[in-house]
Every structure is written in structure tokens, then in C-alpha cells.
> 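One structure follows; several queries about it will come next.
Residue numbering restarts at 1 for every chain, and letters A, B, ... go by the order of the sequence lines. All values derive from a computational prediction rather than experimental measurement.
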There are 2 protein chains.
Amino acid sequence: MTITEASRKYDISADTLRYYERIGLIPDVPRNKSGIRDYDETSCQWIELMKCMRKAGVQIEALIEYVALFQQGDATNEARKQILIEQREQLIRRMADMQASLERLNQKIDRYEQWAIPGNKKSSCPVQH
Amino acid sequence: MTITEASRKYDISADTLRYYERIGLIPDVPRNKSGIRDYDETSCQWIELMKCMRKAGVQIEALIEYVALFQQGDATNEARKQILIEQREQLIRRMADMQASLERLNQKIDRYEQWAIPGNKKSSCPVQH
DNA sequence: TATTGACTTGGACCCGGCTCCACATGATAT
DNA sequence: ATATCATGTGGAGCCGGGTCCAAGTCAATA
């Protein structure tokens with residue numbers, strides 16, 4: 001699969017795919033005799049994994065370290081697991097922050113809706129902020 | 001309340017508080033005769049709100065627009081509500097992405113844990129990626 | 001054989017969101 | 001009166017994460 005095809009398949013620009021490889025977010029992609037990238041199944045799986053993680057805001061640095069350890073073999077399994085656990089914790093914390101924000105948004109939206117009910121204007125519904 | 005006190009109270013640097021005011025993320029803070037900021041209850045509520053929203057990653061641009069509309073009075077209530085609704089939708093989408101990522105992290109961590117059980121090494125638990 | 005077009009690289013640039021800095025000003029302590 | 005200290009301002013710098021570009025190489029087609 002060429003970079004253009006992989007780009008379309010995962011909806012990630014070719015520039016970004018090269019960038020990811022350059023910084024080690026995905027391992028080196030196999031090349032043909034002319035030096036053209038030929039994305040195989042393994043490369044695709046890495047792309048797909050990283051797309052998922054990045055979409056969720058997992059730090060690139062942690063992912064790069066994970067990939068580097070992965071390439072060093074089984075001896076690094078425990079370290080890799082620790083990275084995943086740390087990132088999971090951060091993810092959970094961030095989701096909690098978002099949940100809190102979501103609840104406030106809901107409250108505020110409710111207040112604006114109350115305000116919009118005729119006869120309810122100034123009386124029961126002081127819209128603040 | 002001085003900027004230093006507000007900074008400590010909300011754990012946001014004085015530079016960031018000034019920056020927020022400069023870009024309109026919070027309305028202008030009252031000043032004393034010497035031009036020194038004197039954060040009052042209202043200012044504090046804005047800070048607290050924005051801290052919550054920014055922690056959850058709500059876009060600054062949307063929040064700035066919200067503040068600008070707020071300062072124009074009741075006529076903008078509907079527009080403000082629409083901003084909140086849009087941001088709520090984005091938040092929900094991002095939380096779903098994070099949930100997907102969280103589930104993958106959980107799976108991967110499980111696999112590393114299976115691998116760590118003696119006798120389970122190569123047989124049943126191919127740790128990939 | 002010459003042109004087209006996809007691909008390569010390294011490096012420059014951009015954007016959001018702060019963060020830092022230099023310099024000015026005014027209140028307070030010695 | 002002078003030194004200290006918090007605060008003010010405008011603008012530069014930084015960082016993460018891409019995004020864009022120029023110049024070169026190769027394969028396929030006219």
C-alpha cells in the first residue's frame with residue numbers, strides 16, 4: 001500500500017504519516033527497491049492504533065517511548081505495561097474533568113431554556129455567566 | 001483580591017490570568033485607583049468557570065465569543081445557548097473517542113498481565129504492539 | 001527520449017495556548 | 001529620600017503537534 005492509499009484509508013495526511021514515522025510514533029515502514037514506502041499489515045495496525053490514541057489525546061511522547069520499547073523485544077514488556085497504565089490514568093482523569101465540564105454545560109443550557117419560556121424571564125431564572 | 005491571591009486561589013499563574021483577560025476569556029477585572037486589578041466575586045466566578053472549561057479542553061475561541069455575547073445582554077441569550085450546545089456536542093464526541101481509547105488500553109494491559117503469568121509466555125498470549 | 005506525476009527528504013513555517021521578559025509605575029518600609 | 005516590591009504593559013519566545021515547501025528521484029507513458 002502506498003502512502004497515498006494509507007492516507008486515504010486512515011484519513012491521515014501523507015505528511016502526517018511521514019511525520020509519525022520520522023518521530024518514531026510508528027516503526028519504520030518497509031520500502032520497495034526504489035525507496036517508496038509500502039505499508040503492510042503491521043504498519044497499518046500501528047497507524048490505526050496511533051490514530052485511536054492520538055484522537056483521544058494520549059501524549060505523543062509516551063507513545064513514542066512505547067514503540068521504542070516494543071522494538072527492543074520481550075524484555076521491555078513490563079515497562080511498556082507501565083506506560084499504558086500511566087496513560088490510562090491520565091485518560092481517566094481527563095474524562096472526569098470533561099464530565100464535570102459537561103455537567104456545567106448541561107446546567108447552563110437548562111437555565112437558558114428556562115429563560116426562554118415566556119413569563120419566566122426575570123422571575124425564577126437569573127441567567128448568570 | 002489581588003492577582004497574586006487570585007492566582008493562588010485558582011492555581012492559575014498571574015501571567016495566565018492577565019492573558020485570559022487580554023484575550024477576553026474573562027471580562028475586564030475591576031481596578032483600584034492605581035490601576036491594580038482587584039478581583040471581585042464576579043471575576044472569580046468567571047475564572048472558576050473558565051478554569052473548568054479549559055481543563056476539559058473546551059476551545060478558547062468559543063468561550064471568548066460566549067463572554068463577548070454575555071456582555072451584550074439578554075438579546076444574545078439564544079446565541080449563547082447555541083454556543084454551549086455546540087461545545088457540549090464536541091465534548092461528548094471527544095469523550096467517546098477517549099472511551100474507545102480507554103478500552104483499547106485496558107485490553108492491552110490485560111494482555112501484558114496474561115503474559116506475565118509464568119507458563120503463559122508464548123502459548124496463549126501473543127502480545128502484539 | 002521527454003514529460004508527467006507520485007514519491008522522497010530536510011527543514012521552515014504555522015497555530016493554539018500559554019510563559020517569559022524588559023521596562024515602567026506606584027505603594028510601602030528603612 | 002531611597003530602596004524594595006508587587007503590579008502593570010506590550011511583545012517576544014516556547015512547546016506540542018502537525019503542515020507546507022523546494023529540490024531531487026524514479027516509473028510509466030506519449
Side-chain angles (χ1 to χ4, degrees), chain A residues 1-40 43 46-47 49-67 83 86-87 90-91 94 97-98 101, chain B residues 1-40 43 46-47 49-67 87 90-91 94 97-98 101:
Chain A
M1 192 184 317
T2 68
I3 198 167
T4 305
E5 289 161 351
S7 165
R8 276 202 261 278
K9 179 165 181 183
Y10 295 103
D11 194 28
I12 297 176
S13 79
D15 269 322
T16 299
L17 287 176
R18 285 189 208 98
Y19 166 70
Y20 279 176
E21 187 176 346
R22 208 149 68 190
I23 65 175
L25 183 63
I26 59 174
D28 286 351
V29 173
R31 310 291 182 110
N32 66 19
K33 338 74 201 152
S34 329
I36 306 290
R37 288 176 181 79
D38 181 12
Y39 291 83
D40 60 7
S43 298
W46 281 107
I47 293 172
L49 175 65
M50 293 310 176
K51 179 179 180 178
C52 174
M53 295 295 143
R54 289 298 304 133
K55 219 169 143 187
V58 174
Q59 304 159 356
I60 278 193
E61 270 309 307
L63 297 170
I64 288 173
E65 194 180 346
Y66 181 84
V67 171
I83 291 176
E86 166 63 20
Q87 294 308 309
Q90 291 192 21
L91 206 47
R94 288 192 291 119
D97 289 341
M98 293 169 83
S101 182
Chain B
M1 190 184 318
T2 67
I3 198 168
T4 305
E5 289 161 351
S7 165
R8 275 201 263 280
K9 180 166 180 184
Y10 295 103
D11 195 27
I12 297 178
S13 79
D15 270 322
T16 298
L17 288 176
R18 286 189 209 99
Y19 167 70
Y20 280 176
E21 187 175 348
R22 210 151 67 191
I23 65 175
L25 183 63
I26 59 174
D28 286 352
V29 173
R31 309 289 182 112
N32 67 17
K33 338 74 201 153
S34 329
I36 305 290
R37 289 175 180 82
D38 182 12
Y39 291 82
D40 60 6
S43 297
W46 280 107
I47 292 172
L49 175 64
M50 294 308 176
K51 180 180 179 176
C52 175
M53 294 296 145
R54 288 298 304 133
K55 222 170 141 186
V58 174
Q59 305 158 356
I60 277 193
E61 270 310 307
L63 297 170
I64 289 173
E65 194 179 347
Y66 181 85
V67 172
Q87 295 308 309
Q90 291 191 22
L91 206 47
R94 287 193 292 119
D97 289 340
M98 293 170 82
S101 182

> A:Ile3 and A:Ala14: which non-hydrogen atoms are nearest, and at how many Å?
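Where A:Ile3 meets A:Ala14 most closely, the heavy atoms are CD1-O, 3.6 Å.
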
> A:Ser7: which residues meet the side-chain hydrogen bond (donor to acceptor under 3.5 Å, both in side chains) condition with it, sequence neighbours left out?
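Expected list: none.
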
> Between C1' on D:dG8 and CD on B:Glu21, what's the gap in Å once rounded to a whole number?
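The distance from CD of B:Glu21 to C1' of D:dG8 comes to 11 Å, rounded to the nearest Å.
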
> Please state how far atom CG in B:Asp28 lies from atom P in D:dG8, giving the value in whole angstrom units.
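It is 13 Å, rounded to the nearest whole Å.
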
> Just jot down the salt bridge (Lys or Arg N to Asp or Glu O under 4.0 Å) partners of B:Arg37, sequence neighbours excluded, or say none.
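If we apply the salt bridge (Lys or Arg N to Asp or Glu O under 4.0 Å) test to B:Arg37, skipping adjacent residues, the hits are B:Glu21.
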
> So what does A:Ile3 hit on the nucleic acid, given a heavy-atom distance under 4.0 Å: a base, only sugar-phosphate, or nothing?
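Sugar-phosphate: the residue A:Ile3, judged by heavy atoms under 4.0 Å, touches backbone atoms but no base.
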
> Run the side chain to side chain contact (heavy atoms under 4.5 Å, CB included) test against B:Asp11 and tell me which residues pass, sequence neighbours left out.
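If we apply the side chain to side chain contact (heavy atoms under 4.5 Å, CB included) test to B:Asp11, skipping adjacent residues, the hits are B:Lys51.
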
> Starting at atom CD1 of B:Ile36, determine the distance to atom C1' of D:dC5, rounded to an integer number of angstrom.
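Whole-Å distance recorded here is 11 Å.
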
> At a cut-off of 3.5 Å, list every protein nitrogen or oxygen paired with a nitrogen or oxygen from nucleotides 24-29 of chain C, distance to 0.1 Å.
| unit_1 | atom_1 | unit_2 | atom_2 | d |
| --- | --- | --- | --- | --- |
| C:dA27 | OP1 | B:Ser34 | OG | 3.2 |

> In whole Å, I'd like the distance from the OH atom of A:Tyr39 to the C1' atom of C:dA6.
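Going from A:Tyr39 (OH) to C:dA6 (C1'), I get 14 Å.
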
> Could you tell me which residues satisfy side-chain hydrogen bond (donor to acceptor under 3.5 Å, both in side chains) with A:Thr2, sequence neighbours excluded, listed by chain and number?
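With neighbours one apart ignored, the set is empty.
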
> Under 3.5 Å between N/O atoms: give me all the protein pairs with nucleotides 13-15 of chain D, atom names plus distance.
none

> Looking at residues at least two apart in the chain, or sitting in another chain, which of them share a salt bridge (Lys or Arg N to Asp or Glu O under 4.0 Å) with A:Asp38?
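A:Asp38 satisfies salt bridge (Lys or Arg N to Asp or Glu O under 4.0 Å) with no other residue.
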
> Considering non-hydrogen atoms only, spot the tightest contact between B:Leu25 and B:Val67 and give its length.
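Nearest pair, atom of B:Leu25 first, then B:Val67: O-CG2, 3.2 Å.
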
> I'd like to check the salt bridge (Lys or Arg N to Asp or Glu O under 4.0 Å) partners of B:Arg18; sequence neighbours left out, ordered by chain and number.
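Applying salt bridge (Lys or Arg N to Asp or Glu O under 4.0 Å) to B:Arg18 gives B:Asp15.
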
> Roughly, in whole Å, what's the span from CG in B:Leu17 to C1' in D:dT9?
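Going from CG in B:Leu17 over to C1' in D:dT9 covers 16 Å.
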
> Taking only residues two or more places apart in sequence or in another chain, which ones pass side-chain hydrogen bond (donor to acceptor under 3.5 Å, both in side chains) with A:Thr16?
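A:Thr16: side-chain hydrogen bond (donor to acceptor under 3.5 Å, both in side chains) contacts with A:Ser13.
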
> Treat primed atoms plus P, OP1 and OP2 as sugar-phosphate and everything else as base, then score nucleotides 9-20 of chain C 5' to 3': B for base contact with protein heavy atoms under 4.0 Å, S for sugar-phosphate contact only, - for none.
BBB-----BBBB

> Donor-acceptor pairs under 3.5 angstrom involving side-chain atoms of residues 54-65 of chain A: please list them, not counting sequence neighbours.
| unit_1 | atom_1 | unit_2 | atom_2 | d |
| --- | --- | --- | --- | --- |
| A:Arg54 | NH1 | A:Val58 | O | 2.6 |
| A:Gln59 | NE2 | A:Gln90 | OE1 | 2.8 |

> Separation of B:Ile23 atom CD1 from D:dG11 atom P, in whole Å?
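From B:Ile23 CD1 to D:dG11 P: 16 Å.
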
> Please list, chain by chain and in numerical order, all residues satisfying side-chain hydrogen bond (donor to acceptor under 3.5 Å, both in side chains) with B:Ser101, sequence neighbours excluded.
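Listed in chain order: nothing, the list is empty.
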
